[in-house]
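Atoms within a ligand are numbered from 1 in the order they appear, just like the ligands themselves. All values derive from a computational prediction rather than experimental measurement.
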Amino acid sequence: MSEPDFDHALRAVAQRLHDELCLAAVSIKVTDNSGNTTQASFGEDDALQLACPRVGVPLQVMRRGPAPTEQKRGAPGRWVRIVPPYSQADRGTPGMERLQVVPAVVSEKRVGDLLLVRGAEAPRFTMADDRLLSAVATQLGIAVERVWLQREATEAEILRRTDELKTALLNAVSHDLRTPLASIIASAGSLRQHDVAWSEEERQEFAEAIEEEALRLNQIVGNLLDLSRMEGGTLKPEKGWYDLGALVDNVLGRLKALTSRHRIVANIPEDLPPVLLDYVEIDQVLSNLIENAIKYTAPGTEIQISARRDAGEVRVEVEDRGPGIPASALAHIFEPFYRASGQGPRPRGTGLGLAVAKGLVEAHGGRIWADNCPKGGSRFIFTLPLAESADASSSPRG
Ligand code: ATP
Ligand code: MG
């Protein structure tokens, strides 16, 4: 009964009892708190018919005291008397006298039954059989209770995590979305103020702030949508053949407002084969990695984006010359809402970028991980399978 697969365990117990007690059939029925029944049976078909689930079978169950003897009636204690079913309807069914029932009871509650069908000519159960069956029923009760407790614990854990995610999402929406919005509203309001003579340079700054904050908003909303699709299990990449070099150029072009203060070096070999991917999703993965490299490193430092073919996959790397990732955080940075705490003020963020990148890469059958470079700075690597694309005859898009 300590087997992890409960249904399998029930069947094994049924089979064992069938063999040990030379029974025609054994059926074990277990009912959980919500009234759901699990039944595992073993034995001859016609005998099993007798042990089919039936309602309204009153049973005489005694739980406390020693078993009764010829001389003395039973007193309270731990024992179970095996009784035949007593329902009116069953009395007329042929063979019913062969069926005997041992209830499994836990904390005064009947959680299941052992339904035993003896052979037509088999002798009655002995006292030793009774004791064995009583012990089995007790074990069964304990096992059922354990399975219930485990289920309850799992459900509680799922609820707790859903709750945590909800709180984190609400925090993200209320804080992380409002900050860029407030900034956009303020900059746009300033630009509209005709009574102030803004210089061309100041106008440019407002416009840049609006663009930067809008990009930030776009990124957060994209991440939130992807996360909800991942949680809901509806993330299905719509793949096509694309040229990775063109995709990287496209992302860098779109993020120009953010990358202008860093030295970006892209190194994508010309002869890289086209890769089967969902353009929007891999765009999001690269954007999240590049956005981090910009956010967590000092202006003026270099960010390298490279790709190469490696056995049956293509390997894309984003490497920076920033502070790197603390060793203790390396195992957690891909979890939703996780943010590593470093020295000094932390750039703003939601802790979603890497969780989303991981979900998207894995949906493509790839892997993603991070490490720190010996020269300093961190390196993020993801792979995409190339096997299918290697023998592609179609030409790349994008
Ligand atoms: P979001 O991406 O949602 O705006 P975020 O950047 O904090 O927020 P992630 O992109 O998931 O969230 O990154 C998780 C954490 O990993 C970051 O908070 C940061 O501590 C660490 N991290 C990520 N990229 C780098 C990097 N290039 N250098 C140093 N630390 C990094
Ligand atoms: Mg990020």
Using a strict 4.0 Å cut-off to heavy atoms of [X], name the atoms of ligand 1 that fall inside it.
X      : result
Tyr338 : 14 (C), 15 (C)
Leu352 : 1 (P), 3 (O), 8 (O), 11 (O), 12 (O)
Ser378 : 26 (C), 27 (N), 28 (N)

Closest approach of any protein heavy atom to atom 9 (P) of ligand 1, naming residue and atom: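 Here the nearest protein heavy atom works out to Leu354 N, 3.6 Å.
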Is a donor from one side chain sitting under 3.5 angstrom from an acceptor on the other, for Asn250 and Asp283?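 The answer is no; no qualifying pair exists.
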Testing the basics here: between Arg216 and Thr350, what is the closest heavy-atom pair and its distance to 0.1 Å?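 Heavy atoms only, the tightest pair is NH2-OG1, 3.7 Å.
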Contact partition for [X] relative to ligand 1, non-hydrogen atoms under 4.0 Å:
X      : answer
Phe380 : side chain
Lys295 : side chain
Asp320 : side chain
Glu335 : neither
Ile325 : side chain

Whether the side chain of [X] engages the backbone of [Y] through a donor-acceptor N/O pair (distance < 3.5 Å, no angle test) should be reported.
X      : Y      : result
Thr383 : Arg367 : yes
Arg11  : Ser41  : yes
His18  : Leu23  : yes

Option nearest atom 23 (C) of ligand 1 (shortest heavy-atom distance, choices Thr350, Asn292, Ile220, Leu330):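 Among Thr350, Asn292, Ile220, Leu330, the closest heavy atom to atom 23 (C) of ligand 1 belongs to Asn292.
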How long is the gap from CG on Leu244 to OG on Ser306, to the nearest 0.5 Å?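 Between Leu244 CG and Ser306 OG, I get 11.0 Å after rounding to 0.5 Å.
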Within the stated cut-off of 2.8 Å, is an N/O/S atom of Asn292 closer than that to the Mg ion (ligand 2)?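 Looking at Asn292, which is the residue asked about, there is an N, O or S atom under 2.8 Å from the Mg ion (ligand 2).
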Got an N/O contact under 3.5 Å between Gly353 and ligand 1?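 Yes; the residue has a nitrogen or oxygen that sits under 3.5 Å from a nitrogen or oxygen of the ligand.
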Could you label the plane-to-plane angle of the Tyr279 and Tyr242 rings as parallel, tilted or perpendicular, counting under 30° as parallel and over 60° as perpendicular?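 Tilted: the ring planes of Tyr279 and Tyr242 meet at 30° to 60°.
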